2 protein chains.
Amino acid sequence: MTADADHRTLHNRVLAELGPAIAAGDYGPGHVFTLESLARDFGVSRTVAREAVRVLESMRLVLSRPRTGITVRPAAEWSVYDPQLIRWRLAGPGRMAQLRTLTELRAAVEPPAAAAAARRATPAQRRALSELNEVMAETGRRGDLDRFLALDIEFHRRILELSGNEMFAGLSGVVAEVLAGRTQHRLMPVRPRPEALCLHAHVASAIEGGLPEVAEAAMRSIVREVVEALDGAGDGAPPGATAAG
Amino acid sequence: MTADADHRTLHNRVLAELGPAIAAGDYGPGHVFTLESLARDFGVSRTVAREAVRVLESMRLVLSRPRTGITVRPAAEWSVYDPQLIRWRLAGPGRMAQLRTLTELRAAVEPPAAAAAARRATPAQRRALSELNEVMAETGRRGDLDRFLALDIEFHRRILELSGNEMFAGLSGVVAEVLAGRTQHRLMPVRPRPEALCLHAHVASAIEGGLPEVAEAAMRSIVREVVEALDGAGDGAPPGATAAG
DNA sequence: TCCGCCTCATTGATAACACTATTGTTCCGC
DNA sequence: GCGGAACAATAGTGTTATCAATGAGGCGGA
């Protein structure tokens with residue numbers, strides 16, 4: 001997704017190891033670190049350990065208190081929208097669960113976002129979206145799955161941005177992650193289903209035509225299929241013919 | 001909302017001053033700080049300044065690079081879901097704009113969350129929600145606005161939690177902020193509208209009865225009213241009779 | 001004009017220290 | 001025995017000093 005965390009600095013490397021471990025539940029809520037132990041275990045200075053802890057603290061993963069140490073907080077208190085945390089969880093054992101919650105979130109947000117785009121986008125933006133859709137459809141029909149995925153991500157990302165709501169736009173990384181993750185998990189057919197392509201076309205033309213309700217309904221159809229596909233598939237169950245979304 | 005940022009520590013106090021300033025746009029994208037200047041301006045050591053910068057960096061508000069300094073990033077790249085950043089923006093001049101985007105987000109998420117709650121909540125949880133709704137309605141009818149606000153927040157928070165989706169649950173702070181903010185801005189009638197109370201009752205009983213579609217539709221009615229009320233009201237325009245939500 | 005090297009401002013990292021908050025313990029008085 | 005006050009141990013918090021690494025911008029040569 002977005003430029004991965006910069007591993008040039010030492011505290012980021014500590015973070016890249018400690019963060020995923022906590023996110024994965026290796027250290028349960030209530031587990032206590034000390035700066036001393038972190039510095040020792042990671043072979044870094046206290047200062048570097050402190051900077052890493054600051055970041056974890058701002059994500060509400062841990063609580064740092066004098067005399068007590070650095071305590072892991074219960075997962076319910078974490079800042080679950082933090083892009084870093086999302087990435088960590090997607091990289092860990094909770095990947096499938098996280099993919100589910102993110103897909104449900106996507107299903108909630110994208111239809112209203114499409115409606116908003118139909119209301120607010122400029123003519124040029126509408127046209128560009130339709131053109132993008134056509135390239136995407138053509139690529140899908142050709143069966144170039146990698147390139148199709150990239151275009152699909154771009155399509156959804158652009159709608160979120162055209163919604164004119166930065167909170168919606170802020171989820172574009174999440175959507176990219178979900179779409180890419182779904183492909184990795186073979187939850188996608190080799191060739192996108194014609195019905196799905198058709199629905200995408202409806203979304204694009206409804207946005208171009210300034211029809212919020214139509215855009216919202218079409219997008220709702222897309223995400224409904226996606227949610228059902230994910231619900232149907234067990235943890236790694238074989239896909240039937242699923243959506244393209 | 002959630003326990004306010006801890007102002008006991010020095011770096012948090014720096015953050016509490018610097019963060020809102022950047023969030024408010026006092027320093028435009030591209031503006032460059034140096035650790036030296038921050039340390040001097042805030043009268044703290046370089047170490048403390050660095051810890052504050054680390055946090056700002058993890059929120060993607062700034063980029064810290066050797067030889068260049070600390071650069072403010074364009075707002076489009078910020079982690080707009082970070083609770084701290086949301087609080088800062090709600091405290092600043094962009095308050096009304098932020099309240100709008102958050103309300104739209106709420107409108108997108110709460111109906112599906114209500115549907116999910118109707119599918120997944122336990123019998124005890126369903127009953128408790130209905131009881132909460134009754135207390136809330138009674139308080140509303142009595143006209144005890146402060147207490148009603150608290151109960152209303154609790155009602156919506158609980159639905160988000162019962163949805164069983166931590167991403168939905170993670171927005172409960174946002175919803176609380178929106179509801180409280182709306183009251184502060186006098187966008188609420190002194191006494192909640194009976195129709196709004198009725199809709200809340202429908203949500204509660206649909207969840208209790210395990211009727212996802214009904215719960216979703218009722219919640220959609222609630223948030224539609226809220227969005228329209230906010231759209232209608234200019235920046236600080238006087239309220240008509242508005243929703244309660 | 002363009003390429004490559006050099007310079008140096010600025011962050012990155014370490015270490016050693018004093019300060020402070022929190023908490024577990026002890027001890028006193030009731 | 002029990003409650004509370006005083007104390008001490010143990011972290012994190014904050015400061016300072018010092019050096020290493022980096023990379024943007026300038027300088028000079030081909």
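In the text below, chain A, chain B and the rest are named by the order of the sequence lines, each starting its count at 1. Keep in mind that this is a model prediction, so the values were computed, not measured.
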Which atom pair, heavy atoms only, marks the closest approach of B/Ile86 to B/Val80? CG1-O, 3.4 Å

Do the side-chain N and O atoms of B/Glu208 and B/Ser130 include a donor-acceptor pair separated by under 3.5 angstrom? yes

How long is the line joining CG of B/Asn12 and C1' of D/dG14, in whole Å? 13 Å

Interatomic distance where CG belongs to B/Asp6 and C1' belongs to D/dG12 [whole Å]: 12 Å

Does a side-chain N or O of B/His11 approach OP1 or OP2 of D/dT13 to a distance below 4.0 Å, or not? no

A/Ser64 side-chain N/O to D/dT13 phosphate OP1/OP2 under 4.0 Å: yes

Considering only heavy side-chain atoms of B/Leu10, the closest of D/dG14, C/dT11, C/dT14 is D/dG14

Testing the 3.5 Å rule here: is there a donor-acceptor pair between the side chains of A/Thr101 and A/Gln98? yes

Which letter, B, S or -, goes with each nucleotide of nucleotides 16-24 of chain C from 5' to 3', with contact meaning a protein heavy atom under 4.0 Å? ------BB-

Can you classify the ring geometry of B/Tyr81 versus A/Tyr81 as parallel (below 30°), tilted (30 to 60°) or perpendicular (above 60°)? parallel

Round to the nearest Å and state the distance from A/Leu63 atom CG to D/dG12 atom C1'. 12 Å

Nearest whole Å is fine: how far is D/dT13 C1' from A/Leu35 CG? 10 Å

Calculate the interatomic distance between B/Arg40 atom CZ and D/dT15 atom P; express it in whole Å. 16 Å

Measure the acute angle between the ring planes of A/Phe155 and A/His200, then classify it against the limits of 30° and 60° as parallel, tilted or perpendicular. tilted

Length of the CD1-P vector between B/Ile70 and C/dA9, whole Å: 17 Å

Which whole-number value in Å describes the distance from B/Glu57 CD to C/dT10 C1'? 14 Å

Could you please name the option among D/dT15, D/dA11, C/dG12 that lies closest to any side-chain atom of A/Thr34? D/dA11

B/Glu104 bridged to A/Arg119 by N-O distance under 4.0 Å: no

Between CZ of B/Phe42 and C1' of D/dG14 the distance, given in whole Å, is 17 Å

I'd like to know if B/Glu51 pairs up with B/Arg54 as an ion pair, taking the criterion as any Lys NZ or Arg NE/NH1/NH2 lying under 4.0 Å from an Asp or Glu carboxylate oxygen. no

